[in-house]
Trainee: 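Following this message is one structure expressed as structure tokens.
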Amino acid sequence: MPDALEDALRQHFGFADFREGQRAIVEHLLAGRGALVIMPTGGGKSLCYQLPALLLPGVTLVVSPLIALMKDQVDALAEHDLPATFVNSTLSLEETGRRLDGLAKGAFKLVYVAPERFKNERFLAALARARVSLFAVDEAHCISQWGHDFRPDYMRLREAIDRTGHPTVAAFTATATPRVRKDIIAQLRLEEGQEFFIGFDRRNLFFRIERTGRAEEKVDVVLDTIERFGLVEKGKPARHGSAIVYCATRKNVDLVHETLRHSRIPAIAYHAGMADGKRKEVQDLFMEDEAPVVVATNAFGLGIDKPDIRAVLHYDIPGSLEAYYQEAGRSGRDGEPAECPLLFGSADVRTQEFFIDMANPTRVTIERVFDFVRRSKEETPEVDFASLGGDRSQAVSVEAAVKLLEMEGMLLRLASETRSWDEGSGNGLRRAREESVRVRVLDRGPLRMDFARLAAKRRNDEERLARMVQYAHGTGCRRRFILDHFGDLSAPATCTACDACVAPESTSRREPTEDEAVLLQKVLSCVVRMRGRFGRERVVQVLRGSRSEKVLSNGLDRLSTYGLLRDCSTDFIGEVIDALVEAECLKVELGDGKYPKLEITPLGNEVMHRRKSVPLALPGSSVSPQTRPYGRTTSGSALHGRTTNGPGLLGLSSARQSLDAYRRLGHLDRVAAERGLVRSTIVTHLVVCLDSGEEVDIAPTLPAPRRARIEEAIRRSGQVALAAPVKSLLPSDYTWEEIRLTLAAWRRNAGAAAEGG
Ligand code: ADP
Ligand code: ZN
């Protein structure tokens with residue numbers, strides 16, 4: 001017999017059943033308890049607040065940065081007999097006034113608002129008169145500075161909630177690391193344990209990595225993908241399915257767009273530098289299947305809810321795994337297979353490093369900007385980004401400085417809200433469409449700024465990039481890497497949709513020819529001579545006989561392998577090294593240093609001595625750079641990475657509570673029951689505790705012989721960050737849970753040993 005909730009679900013939304021998690025969340029919110037909901041894209045988050053909105057006495061407020069989606073959502077709700085509206089900058093003053101009146105009078109059950117509304121006194125006044133039952137925060141990761149899409153306006157939400165008479169608070173996100181989740185809980189003052197973790201896995205998405213820095217090869221992958229999904233027929237849109245190609249810069253957007261055009265692909269370009277009208281036009285063409293391929297910066301997509309996107313390609317590496325997963329996750333919302341290739345040339349990392357520089361303005365820049373507004377005679381001075389930055393390239397860092405000053409309460413930006421809100425993520429970097437901003441000076445000094453915190457934020461940005469780069473260099477399961485990053489242990493062990501799992505012997509791998517075998521020998525022996533102390537870039541330089549200062553000062557020009565491949569391009573040698581890494585003849589040691597180092601493996605040793613031959617994905621030819629207009633790979637420094645499993649990075653207080661309970665109860669299931677969390681979350685908590693240096697006795701959950709066996713596999717896997725390589729060395733009855741706990745305990749003990757001397 002269906003109950004009242006199911007009745008409402010059927011009657012108002014036309015759905016037969018709840019999806020995973022929905023019922024529990026709805027019941028929880030109806031009981032007036034706050035929650036943080038983590039659900040993958042397409043999982044059905046909106047229903048979790050729409051259904052309560054219908055049943056609760058007052059109004060439900062939904063905070064969302066996705067202005068472009070609000071109207072459609074409201075229109076759809078009207079069909080479900082749910083009186084809803086939205087308030088954002090697209091409305092006239094009169095219309096806004098009417099809606100605010102309606103809000104105050106209780107005319108609506110659901111109201112969507114953009115976060116910058118909470119700066120608006122009229123809105124706050126209307127809110128104070130309204131009866132708000134539920135305060136839903138969508139894209140809740142935007143509240144955290146540790147996230148990839150921090151939006152300062154979200155920081156006002158808690159205050160707004162308090163001024164609204166303490167409604168139930170519900171936060172939703174599809175992309176948040178454990179650290180970001182902890183931050184959401186703290187900032188919205190949700191209670192620990194009110195976390196609904198449905199997981200992040202998107203089974204229908206195929207993840208793969210194509211390692212190439214060359215524009216032609218990258219475009220080939222794009223063309224191949226378009227063809228395989230049949231998105232274009234005879235130069236015309238096939239009108240079923242579409243693809244997005246994300247580039248890091250406008251320059252690359254133009255380049256790729258033009259190249260595709262030359263190949264008779266009806267692609268269109270999109271970036272934040274285009275006029276509003278033009279951008280709207282591109283969006284509409286895309287939504288209406290008139291344009292099957294959009295080449296865009298990350299400004300594109302936030303307002304896009306197209307179910308049949310068959311592929312999201314990353315032409316350049318994004319700044320973090322969170323950004324990558326969020327963007328890639330726009331594909332396959334309809335549940336049908338979709339593909340997410342990352343086209344990785346290690347030189348591309350430089351672009352992201354530049355973005356990090358821009359997003360983290362120096363003390364000098366911040367002081368200059370503050371000095372300017374402080375001295376201004378105007379009440380609302382205009383900050384011109386380019387002129388204060390000294391030159392155009394610095395404009396973005398001035399914009400970032402203004403944001404920081406606003407966060408410290410020194411000033412208030414009076415920017416128009418559409419301009420910032422329908423733009424992309426990534427520290428607001430590629431949002432420099434505005435040339436200037438008017439600000440109201442709140443405090444003329446002295447300057448308050450927590451520079452230590454800024455330094456921490458910069459480190460965090462760098463670590464996230466390093467993690468992304470680590471993904472790009474990975475050889476294990478892509479899905480597992482991503483899910484591990486998000487602390488999602490719930491997903492199944494088997495993956496059938498990533499290039500590492502599905503085609504380990506990929507067709508591009510082949511037996512080397514005799515010449516190539518000699519070439520491999522040269523490269524491998526060079527690595528051996530460099531004694532595992534240097535990274536990819538340095539190895540390439542030595543083989544090419546570079547006179548660079550780093551080479552000479554280390555005496556590397558005296559090695560017998562110096563200049564052995566003088567005639568090969570930097571690119572080519574780099575790709576040979578990548579192929580050797582992929583074939584596990586070389587390994588990238590992240591070790592303790594900042595830069596990853598190359599080392600030979602036992603298998604590589606066999607290959608070097610020509611005792612064995614392995615198939616490799618070798619580049620086609622070693623011809624010099626002239627024939628390759630774009631390909632300049634000079635990575636190495638780009639690889640700086642360390643595992644982010646290190647202490648201090650992940651959230652702790654909820655984890656500590658789980659640890660306390662575990663120490664008392666000694667059994668994961670009992671802890672899970674007591675904490676009202678799923679078992680896998682408790683495991684994550686224990687891993688977090690171990691990684692932060694806590695002592696956790698895993699013996700009660702893991703018999704010693706099993707642990708010994710796992711430790712043996714860890715040793716053989718040669719790394720301590722990821723569970724997948726370890727799992728692959730064990731019989732299938734060893735669970736992820738056991739492996740992760742053992743790995744974390746191992747890391748902790750290794751760390752403790754290092755500190756002890
Ligand atoms: P999210 O915000 O988590 O990405 P949405 O709320 O947009 O996901 O929901 C994704 C799709 O799933 C929508 O088309 C929605 O109508 C549908 N959906 C949500 N809940 C259910 C359900 N219980 N049964 C069937 N379809 C559902
Ligand atoms: Zn996989």
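In each ligand, atom 1 is the first atom listed, and ligand 1 is the first ligand listed.
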Trainee: So if I only count non-hydrogen atoms and take anything under 4.0 Å from ligand 1, which residues does that give, chain by chain?
Mentor: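 Those residues closer than 4.0 Å to ligand 1 by some heavy atom are Phe15, Asp17, Phe18, Arg19, Gln22, Pro40, Thr41, Gly42, Gly43, Gly44, Lys45, Ser46, Arg333.
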Trainee: Can you name the nearest heavy-atom pair linking Ala328 to Phe207, along with the distance?
Mentor: CB-CE2, 4.3 Å
Trainee: Can you give the angle Cys501 SG - the Zn ion (ligand 2) - Cys498 SG, rounded to 10°?
Mentor: 100°
Trainee: How are the rings of Tyr49 and Tyr112 set relative to one another: parallel (under 30°), tilted (30 to 60°) or perpendicular (over 60°)?
Mentor: perpendicular
Trainee: So Phe200 and Tyr325, would you call those rings parallel, tilted or perpendicular, with 30° and 60° as cut-offs?
Mentor: perpendicular
Trainee: Do Tyr471 and Tyr324 have their ring centres less than 6.0 Å from each other?
Mentor: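 Distance test on ring centres: under 6.0 Å, yes.
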Trainee: Within rounding of 10°, what is the angle whose vertex is the Zn ion (ligand 2) and whose arms end at SG of Cys495 and SG of Cys477?
Mentor: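 Vertex the Zn ion (ligand 2), arms to SG of Cys495 and SG of Cys477: 110°.
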Trainee: Should the pair His148 and His141 be assigned to parallel (<30°), tilted (30 to 60°) or perpendicular (>60°) ring geometry?
Mentor: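 Ring orientation of His148 relative to His141: parallel.
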Trainee: Salt bridge or not between Arg279 and Asp284? Use side-chain N to carboxylate O under 4.0 Å.
Mentor: no
Trainee: Distance check, rounded to the nearest 0.5 Å: Ser346 atom OG versus Asp578 atom CG?
Mentor: 6.0 Å
